[in-house]
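Fair warning: this is a prediction, and the values are worked out from it, not measured in the lab. Chain letters run A, B, ... following the sequence lines, proteins first, then strands; residues in each count from 1.
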Protein chains: 2
Amino acid sequence: MSPRSCPPAPPPAPDADPDEELAVLAAALGHPARVRILRFLLERRECFAGAIVDHLPLAQSTVSQHLKVLREAGLIRGEVDGLHICYCADGERLRRVGELLEMLAPVPAGSDR
Amino acid sequence: MSPRSCPPAPPPAPDADPDEELAVLAAALGHPARVRILRFLLERRECFAGAIVDHLPLAQSTVSQHLKVLREAGLIRGEVDGLHICYCADGERLRRVGELLEMLAPVPAGSDR
DNA sequence: ACGATATATCGTACATTTACGATGTACGAG
DNA sequence: CTCGTACATCGTAAATGTACGATATATCGT
């Protein structure tokens, strides 16, 4: 079972300008360490920040900074669990990226051969 | 009709690491001016660099830099047409972003209510 | 060949990002 | 209350990004 499921959902923070919204989300995804963090959270059952630090070749403070970037973009959420913090990837927010992308460049009709 | 359709396709430049590939593409999308350039190219029939410059509140040299970032990420291609250069958004490459995103976080089964 | 036009590149200034170690904060154990 | 653990934040240095004006390059028209 998952270590702790994160709270239902924080404010979705609607952005007036879709270009700006996409740019902000894409920028948060624009560093390999952050993509790796997301993949780690999505693939593993673990979620504690320490596990992420152990998984990356980066200092704890650096990982914490990357977590902050992801948090501020709404791509992850953290829930305090005693001494630990359990981070979860926010699948909805990630799907929002795909949605914005699809709005930008709709896939051409009948491209499912 | 479109001003000039761009050449078929340059080398797809496969990236060994999908996390790295996604990060590079996302970083290229991580600035509102670049998203606006892509939208402009996708929505309008125009494609000349000058039209993009007119469309953005940025200096010509700055727009040229953004075009370079998009070009290096493979998100646009430019074809010289006399004095002008016609830029096209590369739909395939944009769809590749969605693909990488989908590989990262598959949409949960039966989420199409 | 010359001048005008379209775009790229250079040089530069300033802001932001990335990385680290050090330090702060909050919690639980004892 | 004190100590250790887990994480965040601070301070800072180096790298990268963003923006501009100036300049280079290439093409077209004459």
Inset, instruction - Go through DNA chain C in 5' to 3' direction and return only the first and the last nucleotide with some atom under 4.0 Å of chain B's heavy atoms. - result: C:dT5 to C:dT9

Inset, instruction - Keeping the roles fixed (side chain from A:R34, backbone from A:L70), state whether a donor-acceptor pair exists under 3.5 Å. - result: no

Legend entry - Check SG atoms, B:C88 and B:C47, less than 2.5 Å apart: no

Legend entry - B:V69, B:D90, B:L41 screened by side-chain contact (heavy atoms from CB on, under 4.5 Å) with B:I76, the one that passes: B:L41

Inset, instruction - Without swapping roles, check the side chain of B:E79 against the backbone of B:Y87 for a donor-acceptor pair under 3.5 Å. - result: no

Legend entry - Integer-rounded Å distance: D:dC7 C1' and A:Y87 OH: 8 Å

Legend entry - Shortest non-hydrogen contact between B:R36 and A:D19, atoms and distance: CG-OD2, 3.1 Å

Inset, instruction - Take the protein atom CD of A:Q60 and the nucleotide atom P of D:dA8, then report the distance between them rounded to whole Å. - result: 7 Å

Inset, instruction - Kindly compute the distance separating CZ (A:R93) from CZ (A:R77), expressed to the nearest 0.5 Å. - result: 11.0 Å

Inset, instruction - May I ask you to test the A:L29-A:L75 pair for a side-chain heavy-atom distance under 4.5 Å? - result: yes

Inset, instruction - Search all heavy atoms of B:A33 against all heavy atoms of B:L56 and return the closest pair with its distance. - result: O-CD1, 4.2 Å

Legend entry - Heavy-atom side-chain contact between A:V53 and A:L58 under 4.5 Å: no

Inset, instruction - Name the closest nucleotide to the A:S61 side chain, picking from D:dA8, D:dC28, D:dT9. - result: D:dT9

Legend entry - Check: A:H31 and A:V35 side chains under 4.5 Å, non-hydrogen atoms: no

Inset, instruction - Scan residues 62-73 of chain A against DNA chain C and write down, sorted by residue number, each residue with any heavy atom closer than 4.0 Å; if none is found, say none. - result: A:T62, A:Q65, A:H66

Inset, instruction - With heavy atoms under 4.0 Å as the rule, sort A:I85 into base, sugar-phosphate or nothing. - result: sugar-phosphate

Legend entry - Neighbours of DNA chain C within residues 32-42 of chain A, by heavy-atom distance under 4.0 Å: A:R34

